[in-house]
Colleague: 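Structure incoming, see below.
Just so you know, ligand 1 is whichever comes first in the structure, and atom 1 is the first atom listed for that ligand. Residues take their numbers from the sequence shown, with the count starting at 1. Just so you know, these numbers come straight off a predicted model, no measurement behind them.
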Amino acid sequence: MHQREERGGEFMVSNLLGVSRLIFKWIPPPPDGKAFLVGGLVRDFLLSGYGPPDLRDVDICLSGDVLKWSERISKNLSCEVIFEPRFNTARFWVKHGRDIHVDIAMARTEVYESPGALPIVTPATLLEDLGRRDFSINAMAWPLEEVGDCQDRLIDPFGGREDIHSGVLRVLHRNSFRDDPTRMFRGFRLLSRFSFKWEEGTQSLLSEGVSQKSVLTISGTRIRKEFVRIFLEKEPVDVLKRIYLSGLMWSLFPKAIWSQTLEGSLLEVVWLVKMIFGGSVSSLLPLKWSLLREWCHGETFFYLPILKELPSEDLESGIRFFGLEGKVGSILKDVISEPSVSSGKEMNPGKFLRVISQHVVETGSRYGWLMPQSRMDDRKNLLSRLSSFSENILKSSFISGEDLLRMGIPGGKRVGEMLKSVDERVREGKITSREEALQWVRSEMLRT
Ligand code: ATP
């Protein structure tokens, strides 16, 4: 580990410099204030040791005016920069081999008025911004400056580099899990991904959080977001296993225990989702990410075995806990309580989900929960049905209602009509990418 860190140190400095230069090629410098690379990317440069980390998501923290900078970026790159005034954030995509997602956020502090509540956000210094973060390894920054030398400029006020060196995950203060219990789930995700351990003090704070059932203070929507991110990990079953074995699930649902059946079903789900969508689940990012979130194909698969293992009296509260009320929840309930088959010809997301779920469950109930390895023919059959469904559905996912509202189309009927027209063109093969879909909407707006 030590050797990796030494080589990694050198590597990190030259590569972070390389990345900052690359970023300056894409983005003009901010008109005021200073910009810093923060979060996962800085961490991954330190962790990567010998090779460059995956440059897919770039988080930038700005001590300055985000709106002014985003206007300048939009003009220079002639690209769509989405500014979010409520949070003072901006995001956009740049092409560098593939699409890289850049997020800019104003440096801020967060004050939690009550445990689990959303924080009150105020502008702050970079150090304060780093101090509101989840773990020391995620609380480092690298200034984005035009510099010629190879100096190590890492800003690391909480000892993140040392914690990476020791392979531990450490919260920044005693109230961290109480303020925001989603950090427990985030922590298990990172532990599994990097094969890290909890730092001793953090481990006892986690045990306190588990016994106080602090996750009950967060909304279902936030829990669900964290679970989607778990499902997108390379080894989602390992993350879930760690969560169950820590007692976190058990403290909420006393009968939710980790069993071989549950593990087997979840592994089947991972396999199924990989087969349907191709490659790893995370290959769905970034274009299909919104699809996954909105229509939840993969997500729904994962919840099936988790919820099915709960006793029937816990099903409702399970659905509420995961924030699955509404359409997805009622489908899950239907599917779990009364598996039945229907054949879906009509391609809309709800129908798609229902058919897939019902089909999986129906096949599962005939052959034991999901299919055992031995029924390869049935698997193949199911897969070809699933992949043709998903192929059609994936094609029609380039833009959402949110995109249209952001582009200035008034809400209501017009949004639905526009989405329908985009879908029709996608099906006819006239629109084949998000850019084309956005372009078509723009031309329609000018025309009408
Ligand atoms: P990943 O590799 O999983 O994407 P990431 O660290 O980039 O990891 P994000 O969720 O994109 O994860 O968050 C970016 C940064 O924002 C994190 O590195 C962390 O510093 C901070 N952060 C995110 N969620 C929280 C949270 N709940 N509490 C405190 N800080 C958070």
Side-chain angles (χ1 to χ4, degrees), residues 19 36-48 52-62 87-89 91 100-112 115-121 124 126-142 154-161 163-164 169-194 196 202 205-206 209 214-215 217-219 221-236 238-239 280-282 284-286 289 292-293:
V19 165
F36 303 86
L37 277 181
V38 284
L41 190 65
V42 179
R43 172 200 70 211
D44 291 348
F45 268 106
L46 270 167
L47 271 160
S48 59
D54 202 12
L55 194 59
R56 191 197 290 264
D57 276 310
V58 176
D59 285 317
I60 297 177
C61 174
L62 177 72
F87 304 112
N88 224 336
T89 57
R91 66 196 151 95
I100 298 174
H101 177 208
V102 182
D103 256 320
I104 301 173
M106 162 196 77
R108 61 182 196 261
T109 51
E110 293 180 343
V111 176
Y112 293 83
L118 283 175
I120 297 168
V121 169
L126 172 76
L127 283 190
E128 286 168 321
D129 186 287
L130 295 177
R132 71 166 172 90
R133 290 174 185 260
D134 47 3
F135 303 108
S136 63
I137 64 167
N138 283 344
M140 297 180 280
W142 182 270
L154 187 75
I155 301 167
D156 178 18
F158 301 99
R161 178 184 261 180
D163 285 342
I164 284 181
L169 210 53
R170 175 199 306 272
V171 286
L172 307 188
H173 56 87
R174 281 199 62 77
N175 290 335
S176 184
F177 289 139
R178 214 191 52 183
D179 285 347
D180 181 355
T182 61
R183 291 172 186 161
M184 299 190 205
F185 295 118
R186 290 180 62 79
F188 282 112
R189 209 157 48 77
L190 297 174
L191 285 197
S192 162
R193 196 194 297 168
F194 303 132
F196 272 24
T202 303
L205 293 172
L206 178 91
S214 45
V215 281
T217 59
I218 16 176
S219 69
T221 316
R222 293 186 65 207
I223 301 243
R224 183 169 170 190
K225 264 193 193 155
E226 289 307 321
F227 273 79
V228 170
R229 307 191 84 188
I230 291 171
F231 303 152
L232 288 166
E233 285 292 315
K234 277 216 173 73
E235 302 286 347
D238 181 63
V239 184
S280 74
V281 188
S282 51
L284 290 171
L285 294 171
W289 163 259
L292 188 83
R293 213 175 41 201

Colleague: Side chain or backbone, does R189 bring an N or O within less than 3.5 Å of an N or O on ligand 1?
Modeller: yes
Colleague: Please name the residue in the list I164, D44, L169 that meets the side chain to side chain contact (heavy atoms under 4.5 Å, CB included) test with F194.
Modeller: D44
Colleague: Using only atom types and a distance under 3.5 Å, with no angle test, would you say the side chain of T202 pairs donor to acceptor with the backbone of V171?
Modeller: yes
Colleague: Is there a heavy atom of D57 sitting under 4.0 angstrom from any atom of ligand 1?
Modeller: no
Colleague: Does the N or O separation between R222 and ligand 1 drop below 3.5 Å for any pair?
Modeller: no
Colleague: May I ask whether R43 has any heavy atom positioned less than 4.0 angstrom from an atom of ligand 1?
Modeller: yes
Colleague: For E233 and P236, which heavy atoms make the closest approach, and how far apart are they?
Modeller: O-CD, 3.2 Å
Colleague: Under 4.0 Å from any heavy atom of T182, which atoms of ligand 1 are there?
Modeller: 27 (N)
Colleague: Flag D44 as yes when one of its N or O atoms lies below 3.5 Å from any N or O atom of ligand 1, and as no otherwise.
Modeller: no
Colleague: Hey, is D180 touching ligand 1 through its side chain, its backbone, both or neither, going by heavy atoms under 4.0 Å?
Modeller: side chain
Colleague: Number the atoms of ligand 1 from 1 as they appear, then name those within less than 4.0 Å of a heavy atom of G39, with their elements.
Modeller: 18 (O)
Colleague: Quick one: look up the protein heavy atom nearest atom 28 (N) of ligand 1 and list residue, atom name and how far away it is.
Modeller: R183 NE, 2.8 Å
Colleague: Among all protein non-hydrogen atoms, which one is nearest to atom 14 (C) of ligand 1, and what is the separation to 0.1 Å?
Modeller: D59 OD2, 3.5 Å
Colleague: At a non-hydrogen distance cut-off of under 4.0 Å, which region of V38 contacts ligand 1 (side chain, backbone, both, or neither)?
Modeller: neither
Colleague: Short question: side chain of N175, backbone of D179 - any donor-acceptor pair under 3.5 Å?
Modeller: no
Colleague: Given M140, R186, M184, identify the one with the heavy atom nearest to atom 17 (C) of ligand 1.
Modeller: R186
Colleague: If you compare all heavy atoms of F196 against all heavy atoms of L47, which two are closest, and at what distance to 0.1 Å?
Modeller: CZ-CD2, 3.8 Å
Colleague: Would you tell me which option among K225, E226, R193, R132 has the nearest heavy-atom contact to atom 1 (P) of ligand 1?
Modeller: R193
Colleague: Identify the two heavy atoms, one from P119 and one from E110, that lie closest to each other, and give their separation to 0.1 Å.
Modeller: CB-CB, 3.5 Å
Colleague: Heavy-atom distance under 4.5 Å between the side chains of I218 and E226, does that happen here?
Modeller: no
Colleague: What protein heavy atom lies closest to atom 4 (O) of ligand 1? Include the residue and the distance to one decimal.
Modeller: R229 NH2, 3.7 Å
Colleague: Looking at atom 16 (O) of ligand 1, what's its closest protein heavy atom, distance included?
Modeller: R133 NH1, 3.4 Å
Colleague: Give a yes or no on this: more than 12 heavy atoms of other residues, nucleotides or ligands lie within 6.0 Å of atom CZ of R174.
Modeller: no
Colleague: Is it the case that the side chain of R183 and the backbone of S176 share a donor-acceptor pair, with hydrogens and angles ignored and the cut-off at 3.5 Å?
Modeller: yes
Colleague: Looking at atom 30 (N) of ligand 1, what's its closest protein heavy atom, distance included?
Modeller: D134 N, 3.1 Å
Colleague: Is there a donor-acceptor contact under 3.5 Å from the side chain of N88 to the main chain of M106?
Modeller: no
